[in-house]
Amino acid sequence: MSSWFPSGFGFLGHNVRMSGSPTQTEPGVGPLQPRPRFNAESTVQCLEEWFPGRCRDLPWRRTRSPWRTLVSELMLQQTQVSRVAERFEFFLGLFPDAHAMAVAGEDAVVAAWEGLGYYRRARLLHAAAVRICDLHDGEVPASTEALLALPGVGRYTAGSIASIAFGRRTPIVDGNVIRVVARLEAIDAAADDSDLVARCWETADTLVRAAASPGVLNESLMELGATVCKPALPCCDQCPLQSQCAAFQFGSASRIPRPKRRTVRQSVHLYPVVIRRGDRVLLRQRPDRGIWAGLWEMPSVESADPLDQAAIELGLGFKVEKLRPIETFKRLLTHREVHFHVYEASTRIRRGHWCDRAAASKLAMAKPMRSLVDRRVWS
Ligand code: ADE
Ligand code: SF4
């Protein structure tokens, strides 16, 4: 055990050791006495004083409304802040409230979602808008229970909307909060350790109960994690919580939390075929399940193993001529490594979606497919 902190140390639930001999010599810490926790009141006070002057100027913070909070929090679940910031006002311009989104329809929401990734969220957001109209007269509900009943809204999102938009005392825990809390309490565990995550929900709850403004407190925890208590190099010298931070005191901030176990990416081979006729290209919609579900593509064959030309022709499901390879590249998704083997062909088939540039631009596509079409068809 090379770690400075015994992994069985008492904060992580079931294996609190109440007897045994001390095995390490960190100042002030022994395996027998759980280290006193930080003071919630002063932690909260420092954060609430820090946030207003130091928070980033982000579109959803300039003008606040429950609908804007809901949309931004759903977007921010899996997409970088800078990317959401670039697209937020455009998106809100198309769908200024739940009613506008409900009547615009799912396809319009998915198309406007382009560039934000994880398109399932666009469908869930549209479904949430419909439900908000049907059940709540078009107004985002304030209670955590009603929020949790909305499609796409889990514990984190419900807590963030209830607290930020409605001032409710509901805790939130995301990756930023996990890192900040693990460091404040010097909990030596992997960022996705379920005991650590449970512990963070407890601490977040303690903090939000002590807050003067629950929304400000919750947002300040995330903001501190994003801008000061950063993953690799925390800026402890700029941190309002330095004096109460156990990891800072022990000099272990950058080692806490430990990395998540590495995700193993599954290899997938994708064979998109560029089929042109005049100024049009043949496109089709991907299946409802799997990678890029429901998005548009050039007709493609997907396989766990490399395919030969005959297998590609067979897999396409319609007859093509003059099939030939034109380029290969690789893209990493969260859980997959996608090997693109791009082909070109012609066909006599007339059926299908033959799209010109304007029509293609209105269809939602995954980013690699969009750039492939732009590169191979229109340029
Ligand atoms: N990540 C998700 N929601 C956020 C927020 N409201 N502020 C900062 N980072 C966030
Ligand atoms: Fe994070 Fe450093 Fe602040 Fe502790 S002192 S909360 S490690 S930035």
Side-chain angles (χ1 to χ4, degrees), residues 5 35 37-40 42-44 46-52 54-85 88 116 118 121 147 152-167 170-188 191 200 203-204 207-208 213-258:
F5 215 71
R35 189 180 44 71
R37 296 185 59 190
F38 58 85
N39 178 303
S42 67
T43 301
V44 162
C46 292
L47 284 169
E48 289 185 323
E49 280 169 18
W50 171 82
F51 183 75
R54 302 298 170 87
C55 70
R56 291 166 293 180
D57 175 25
L58 296 169
W60 51 94
R61 291 180 179 162
R62 284 183 209 155
T63 313
R64 294 201 188 251
S65 74
W67 175 246
R68 287 168 68 88
T69 302
L70 182 146
V71 173
S72 61
E73 291 300 336
L74 270 167
M75 288 180 171
L76 287 162
Q77 277 174 22
Q78 279 141 322
T79 307
Q80 285 179 345
V81 169
S82 57
R83 180 153 292 200
V84 175
F88 187 74
L116 293 166
Y118 298 95
R121 288 180 296 161
L147 287 165
V153 176
R155 194 176 176 190
Y156 161 80
T157 316
S160 61
I161 300 166
S163 62
I164 296 171
F166 298 107
T170 49
I172 52 155
V173 170
D174 70 352
N176 287 317
V177 177
I178 289 172
R179 188 168 57 256
V180 171
V181 171
R183 287 172 175 173
L184 282 175
E185 304 194 39
I187 303 174
D188 180 24
C200 290
T203 299
L207 293 174
V208 81
S213 165
V216 170
L217 183 271
N218 280 346
E219 238 183 326
S220 72
L221 272 175
M222 291 190 283
E223 192 72 1
L224 189 79
T227 63
V228 176
C229 195
K230 294 182 283 191
L233 289 170
C235 307
C236 301
D237 53 341
Q238 293 162 32
C239 180
L241 303 182
Q242 198 194 82
S243 67
Q244 23 223 331
C245 178
F248 175 75
Q249 195 185 323
F250 303 143
S252 58
S254 59
R255 276 172 280 144
I256 288 180
R258 278 186 270 149

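Index from 1, following the sequence. Indexing begins at 1, ligand by ligand and atom by atom, following the structure's order.
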Atoms of ligand 1 close to [X] [distance to a heavy atom under 4.0 angstrom, numbered from 1]:
| X | result |
| --- | --- |
| Glu223 | 8 (C) |
| Glu219 | 5 (C), 6 (N), 7 (N) |
| Leu76 | 2 (C), 3 (N), 4 (C) |

Write out the residue and atom name of the closest protein heavy atom to [atom], then the distance separating them to 0.1 Å.
| atom | answer |
| --- | --- |
| atom 10 (C) of ligand 1 | Met222 SD, 3.8 Å |
| atom 2 (C) of ligand 1 | Tyr156 OH, 3.1 Å |
| atom 7 (N) of ligand 1 | Arg61 NH2, 2.7 Å |
| atom 3 (N) of ligand 1 | Glu73 OE1, 2.8 Å |

*Please name the residue in the list Arg64, Arg54, Arg56 that meets the salt bridge (Lys or Arg N to Asp or Glu O under 4.0 Å) test with Glu219.*
Arg64

*Can you list, by chain and residue number, the protein N, O or S atoms under 2.8 Å from atom 1 (Fe) of ligand 2?*
Cys229 SG

*Does any non-hydrogen side-chain atom of Thr170 lie less than 4.5 Å from one of Val208?*
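Side chain of Val208 against side chain of Thr170, heavy atoms only: no contact under 4.5 Å found.
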
*Side chains of Cys239 and Leu224 in contact at under 4.5 Å (non-hydrogen atoms)*: yes

*Look at atom CD of Gln80 and say whether more than 12 heavy atoms of other residues, nucleotides or ligands are closer to it than 6.0 Å.*
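No, CD of Gln80 has 12 or fewer neighbouring heavy atoms, counting only those of other groups under 6.0 Å.
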
*Which pair of non-hydrogen atoms, one from Gln244 and one from Ser42, has the smallest distance, and what is that distance?*
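So the two residues come closest at OE1-OG, 2.9 Å.
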
_Residue pair Ser163 / Gly159: nearest heavy atoms and the distance that separates them_ = OG-O, 2.8 Å

*asked:* For Ser213 and Glu48, which I'm curious about, is there any donor-acceptor pair between the side chains at under 3.5 Å?
replied: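 Glu48 and Ser213 do not have a side-chain donor-acceptor pair below 3.5 Å.
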
*Is there a side chain to side chain contact (heavy atoms under 4.5 Å, CB included) between Leu241 and Leu47 once you walk through the steps?*
CA-CA 8 Å; Leu241 303 182; Leu47 284 169; 4.0 Å; yes

*If you measure from CG on Leu70 to CD1 on Ile161, what distance do you get to the nearest 0.5 Å?*
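Answer for the CG-CD1 pair, Leu70 versus Ile161, is 4.0 Å.
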
